[in-house]
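Report on the structure given below.
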Amino acid sequence: MPLHVPPAPTPALRSVLTALGSPTAVREARTPALRSLTAPFTAESPLPVHVLDTITAPGVPSRTRLTGWRFLIRGGGRAVAAAEAVPTADGWAFSHFCEGPYVTSTEQALSQAESLPALHQPRLLFLPELYMLTLWLHAEPATEPTVEPEQGRPAPADLLVPLAPAPPGIAAHRALRVAELLPRLTLRLTRTTPTPPLLGSPA
């Protein structure tokens, strides 16, 4: 089933398109693939970027915060980079270009998500504690109103698709429900976090 991809805020898209149209911005970007191609470029697949600062225990609501909108930059018939716009006190502003494995992995995950039987709203969810980026597929039943892409929190029935490269022990591009994946990540953090030494014991 096709994904429900809400439009990005017009000022956010405009800021990215302005940067793409600036030879100086493209030339100074740390994106060799972007610099090596000639225009025209297009900004496609807008995705709101949310951050989950703390992976909570099972049953505890996970709070996220919106940090920006990311666009895949296509040129020469393929995705070559990504661009991000961020909210500021004066509105949306272009932040940066980037490239690397997350660009192609995002494109692959979006294609994978389109084959799912249910309707989903795609987002990106970053988990700093594991330096892990996922495609967050918010479930959108036909009987419920659409949730704004900049709002909400991961629901138990939502899907998370870890992008590559994923942390060791986490399978990239394997879609798992939030109720299944987050407890695993909580357990992983518990096992990898060193126990503070007792007072008076060797450090």
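All values below were derived from every heavy atom in this structure, side-chain atoms included, with hydrogens, water molecules and symmetry-related copies excluded.
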> Rounded to the nearest 0.5 Å, how far apart are CZ of Phe97 and CZ of Phe71?
Replying inline: 11.5 Å
>> Any heavy-atom pair between the side chains of Thr104 and Thr106 that's under 4.5 Å?
In response: no
> Among all residues two or more places apart in sequence or in another chain, which pass the side-chain contact (heavy atoms from CB on, under 4.5 Å) test with Pro165?
Replying inline: Pro101, Tyr102
Listing, residues 11-20 side-chain donor-acceptor contacts under 3.5 Å, not counting sequence neighbours, or none:
from, atom 1, to, atom 2, distance (Å)
Ser15, OG, Ala12, O, 2.7
Ser15, OG, Phe94, N, 3.3
Thr18, OG1, Arg14, O, 2.9

>> When you compare the side chain of Leu185 with that of Glu129, does any pair of heavy atoms fall below 4.5 Å?
In response: no
> Can you check side chain to side chain contact (heavy atoms under 4.5 Å, CB included) on Val103 and Glu107, steps first, answer last?
Replying inline: CA-CA 6 Å; Val103 173; Glu107 192 171 39; over 6 Å; no
>> Nearest 0.5 angstrom please: His138 NE2 to Leu119 CG, how far?
In response: 9.5 Å
Show every donor-acceptor pair shorter than 3.5 Å between a side-chain atom in residues 27-34 and any protein atom, with sequence neighbours excluded, or say none if there are none.
none

>> Tell me the closest heavy-atom pair linking Leu133 and Arg70, and the distance in Å.
In response: CD2-NH1, 3.9 Å
>> Keeping His50 on the side-chain end and Pro154 on the backbone end, is there a donor-acceptor pair under 3.5 Å?
In response: no
> Taking atom OG1 of Thr64 and atom CG of Asp53, what is their separation to the nearest 0.5 Å?
Replying inline: 9.0 Å
> For the residue pair Pro149 and Pro48, what are the closest heavy atoms and their distance?
Replying inline: O-CG, 3.5 Å
>> Is there a side-chain contact between Leu176 and Leu160 in this structure, where contact means two heavy atoms from C-beta onward sitting under 4.5 Å apart?
In response: no
> Which pair of non-hydrogen atoms, one from Val161 and one from His173, has the smallest distance, and what is that distance?
Replying inline: CG1-CA, 3.6 Å
>> Looking at every heavy atom in both Gly75 and Val80, which two are closest together, and how far apart are they?
In response: O-CG1, 3.8 Å
> Under 4.5 Å between any side-chain heavy atoms of Pro122 and Leu137, yes or no?
Replying inline: yes
> Closest heavy-atom contact between Pro128 and Leu52?
Replying inline: CD-O, 3.1 Å
>> Are Gln121 and Val5 packed together at the side-chain level, in the sense that at least one heavy-atom pair is separated by less than 4.5 angstrom?
In response: no
> salt bridge (charged side-chain N to carboxylate O under 4.0 Å, His left out): which pairs involve residues 155-181, sequence neighbours left out?
Replying inline: Glu180-Arg184
> Among all residues two or more places apart in sequence or in another chain, which pass the side-chain contact (heavy atoms from CB on, under 4.5 Å) test with Thr42?
Replying inline: Glu44, Arg74
> Closest approach of Pro46 and Pro6, non-hydrogen atoms and distance?
Replying inline: CG-O, 4.2 Å
> Do Trp69 and Glu150 have side-chain N/O donor and acceptor atoms under 3.5 Å apart?
Replying inline: yes
> Roughly how far, to the nearest 0.5 Å, is the CD atom of Gln108 from the CG atom of Leu135?
Replying inline: 11.0 Å
> How many angstroms lie between atom CD1 of Ile73 and atom CZ of Arg78, to the nearest 0.5 angstrom?
Replying inline: 13.0 Å
> Are any non-hydrogen side-chain atoms of Glu114 and Leu3 less than 4.5 angstrom apart?
Replying inline: yes
>> Are the side chains of Val49 and Leu66 in contact, using a 4.5 Å heavy-atom criterion?
In response: no
> Do the side chains of Leu124 and Leu163 get nearer than 4.5 Å, heavy atoms only?
Replying inline: yes
>> When you measure from the side chain of Thr134 to the backbone of Pro162, do you find a donor-acceptor pair of N or O atoms at a distance under 3.5 Å?
In response: no
>> Checking Phe126 now: which residues fulfil ring-ring contact (aromatic ring centres under 6.0 Å, His included) with it, not counting sequence neighbours?
In response: Tyr131
